[in-house]
Amino acid sequence: GGASSSGVKQQVKLEKESELRIEVGNDAPLCLRLLNGNAEIFGTELAPEIWLNFPPRLKFAVFTWYGATIEMEGTTETDYTADETPMVSYVNVHAILEARRTRAKASSSGDSESSQGPRVIVVGPTDSGKSTLSRMLLSWAAKQGSKPTFVDLDIGQGSITIPGCIAATPIEMPIDPVEGITLEMPLVYFFGHTTPSNNVELYKVLVKELGGMLERQFAGNAESRASGMVINTMGWIEGVGYDLLLHAIRTLKANVVLVLGQEKLYSMLRDVLKGEPKVDVVKLQRSGGVVSRNVKVRQKARSFRIREYFYGLLNDLSPHSNIANFSDLCVYRIGGGPQAPRSALPIGAEPVADPTRVVPVNINRDLLHMVLAVSFAKEPEEIISSNVAGFIYVTDVDIQRKKITYLAPSAGDLPSKFLILGSLTWLET
Ligand code: ATP
């Protein structure tokens, strides 16, 4: 349980190794600052006395290693202190990873094995705190001067860009407690759906493409190679979801698997990875502070992520409305559709859908309210293997005039005329 507070300024004294867990109210932001002592939010230290402004609905914890006093003002849905946290075990994992990074940095042998820092993958059921642990490991590493690559494979609730994508970005500074990961030039691949079951084969292909691209980047960058990766995954851990986890572990060559809060998954992965040299499978406790989110809350969170892409977290961006001729754009979707017409097949054979076929899409009213990715591809054949530059949101389709109106984060021409359509929709509210 926990109390909620409204309006008034209040101070909270935190004992060592305890945390203040907060859910900001639905309608108003919350201001909070550190009065004395030391405290961090998911691995990022708070500067003393500076007010931070947390947007509505944000859920987070202020943790202290040695004790702190926090002051807050505004409305919370809940706030309570907890002195039982798994933070000591998490920071111990960090210490081991950091030692491996140091060793990788020191290795002058140019030998790819010893100069490669740890590749950590965080797995576990939904709401086990995977994103949060990934974030802590990244911020602690950045604080010590490492530049780990964050890879987010969670197409439902990812934290690098909008839903429906897998993405990677180097983390050079502790992650901002309010704004999260600030997007400089993330490497993004568009899957187009918020669950992998829409096209499992495509999901695998994109993980492979992303992995290949990272491998090439590491080859030319010893520092980021030595810093390794932290990979966040989806909460789908049964059946096909489990296969996809294994696929990600192998494709991205993860060598540390952190399993959060599930004994069964831990023992399955430990057994299956036993044969594979130098993969450590580690079981970690789930934090009692992780907030469970139901289907509706998740749907809402996805919608906010898309809104944030165009309008900014605090409504501080102004997207541009642009108009293009149908003939200026080429829209494709990936997968589906029979490979060959039935008439071309041997008698009795069923046409099979090719999950990675790039299929041209007619521009019509069906595109209304869809979010499309702008590919970096130069030819349609390159669409699957190309990352994307960004996204547009279709606000009007004028069939008569053959014009399409869309929202883009900035004015001017799109970087490419190749657009990818999935099933990602958004209703601007
Ligand atoms: P999913 O599989 O759905 O992506 P997840 O396992 O990645 O979920 P998180 O996103 O890390 O889970 O956590 C769920 C929510 O709980 C987030 O809003 C996060 O900020 C919040 N949370 C995590 N740890 C704490 C904590 N110790 N105190 C308060 N809130 C927390």
Side-chain angles (χ1 to χ4, degrees), residues 1-2 4 12 14 17-24 26 30 32 39-44 54-65 70 72 76-91 120-139 150-160 163-167 175-181 194-196 230-238 241-242 244-245 248 258-262 265 284-302 304-305 313:
S4 63
V12 183
L14 289 174
E17 287 175 29
S18 70
E19 66 186 21
L20 172 60
R21 294 172 179 165
I22 295 172
E23 289 183 43
V24 183
N26 282 318
L30 177 78
L32 177 149
E40 56 183 52
I41 294 178
F42 299 153
T44 302
F54 295 88
R57 287 174 299 273
L58 199 72
K59 299 159 183 57
F60 64 100
V62 186
F63 178 85
T64 180
W65 292 105
I70 306 297
M72 47 180 186
T76 63
E77 188 68 31
T78 42
D79 60 87
Y80 68 100
T81 53
D83 55 12
E84 253 175 66
T85 77
M87 292 294 277
V88 171
S89 60
Y90 293 178
V91 87
V120 187
I121 188 165
V122 184
V123 305
T126 48
D127 300 322
S128 55
K130 297 178 296 297
S131 315
T132 304
L133 176 59
S134 303
R135 185 163 161 170
M136 288 192 265
L137 295 174
L138 290 161
S139 288
F150 179 35
V151 180
D152 203 336
L153 303 181
D154 188 352
I155 50 179
Q157 308 282 325
S159 35
I160 297 182
C165 298
I166 62 169
I175 296 165
D176 188 284
V178 177
E179 297 195 354
I181 289 161
T194 53
T195 158
V230 175
I231 306 158
N232 180 38
T233 61
M234 296 177 284
W236 187 20
I237 55 169
E238 311 269 333
Y242 176 76
L244 289 176
L245 279 184
L258 303 179
V259 189
L260 270 175
Q262 233 231 23
L265 180 64
L284 287 171
Q285 209 192 317
R286 172 189 184 280
S287 166
V290 179
V291 183
S292 299
R293 295 162 296 175
N294 59 30
V295 176
K296 223 172 153 193
V297 172
R298 284 166 187 276
Q299 172 57 44
K300 262 212 163 122
R302 285 197 283 270
F304 278 118
R305 287 295 290 182
L313 185 62

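Counting starts at 1 for both ligands and their atoms, following the listed order.
Against a heavy-atom cut-off of under 4.0 Å, T126 is close to the following atoms of ligand 1: 2 (O). Close contacts of ligand 1 with S287, meaning ligand atoms under 4.0 Å from a residue heavy atom, involve 27 (N). Of all atoms in ligand 1, numbered sequentially from 1 with element shown, those under 4.0 Å from a heavy atom of V290 are 13 (O), 14 (C), 16 (O), 22 (N), 23 (C), 24 (N), 25 (C).
Ligand 1 lies nowhere less than 4.0 angstrom from a heavy atom belonging to G124.
Under the 3.5 Å distance criterion, the side-chain polar atoms of N232 are left unmatched by any main-chain donor or acceptor of G158. Of the possible donor and acceptor atoms, none in the side chain of R21 sits under 3.5 Å from a partner among the backbone N and O of T78.
The shortest non-hydrogen separation linking T194 to G164 is CG2-N, 4.4 Å.
With respect to atom 20 (O) of ligand 1, the closest heavy atom belonging to the protein is K59 O, 2.7 Å. Given atom 7 (O) of ligand 1, the protein heavy atom at minimum distance is S131 OG, 2.6 Å. Closest to atom 31 (C) of ligand 1, if we only count protein heavy atoms, is G289 O, 3.3 Å. Of the protein's non-hydrogen atoms, R293 NH2, 3.4 Å is the one closest to atom 1 (P) of ligand 1. From the protein, the heavy atom lying nearest to atom 27 (N) of ligand 1 is E19 OE2, 2.9 Å. Scanning the protein for heavy atoms near atom 16 (O) of ligand 1, the closest one is V291 N, 3.0 Å. Here the heavy atom of the protein found nearest to atom 9 (P) of ligand 1 is T132 OG1, 3.6 Å.
Some N or O of K130 is nearer than 3.5 Å to an N or O of ligand 1, by distance alone. In terms of N/O distances under 3.5 Å, ligand 1 is approached by S128. Not a single N or O atom of I22, backbone or side chain, sits closer than 3.5 Å to an N or O atom of ligand 1.
For the atom pair CD1 of I166 and CE of M234, the computed distance is 9.5 Å after rounding to the nearest 0.5 Å. Rounded to the nearest 0.5 Å, atoms OH (Y80) and CD (E23) are 8.0 Å apart. The distance from the CD1 atom of I181 to the OG atom of S159 is 4.5 Å, given to the nearest 0.5 Å. Taking CE of M72 as the reference point, atom CG of L20 lies at 5.0 Å (rounded to 0.5 Å). The CD atom of Q157 lies 10.0 Å from the NZ atom of K130; values are rounded to the nearest 0.5 Å.
At a threshold of 4.5 Å between non-hydrogen side-chain atoms, the residues P196 and W236 count as touching.
The part of R298 lying near ligand 1 is the side chain, judged by heavy-atom distances below 4.0 Å. Proximity of D154 to ligand 1, defined as any heavy-atom pair under 4.0 Å, is confined to the side chain (atoms from C-beta onward). The part of F42 lying near ligand 1 is the side chain, judged by heavy-atom distances below 4.0 Å.
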Residues T85, E17; criterion side-chain contact (heavy atoms from CB on, under 4.5 Å); working and verdict
CA-CA 8 Å; T85 77; E17 287 175 29; 5.8 Å; no
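Side-chain contact annotation: T81 with S18, donor-acceptor N/O pair under 3.5 Å absent.
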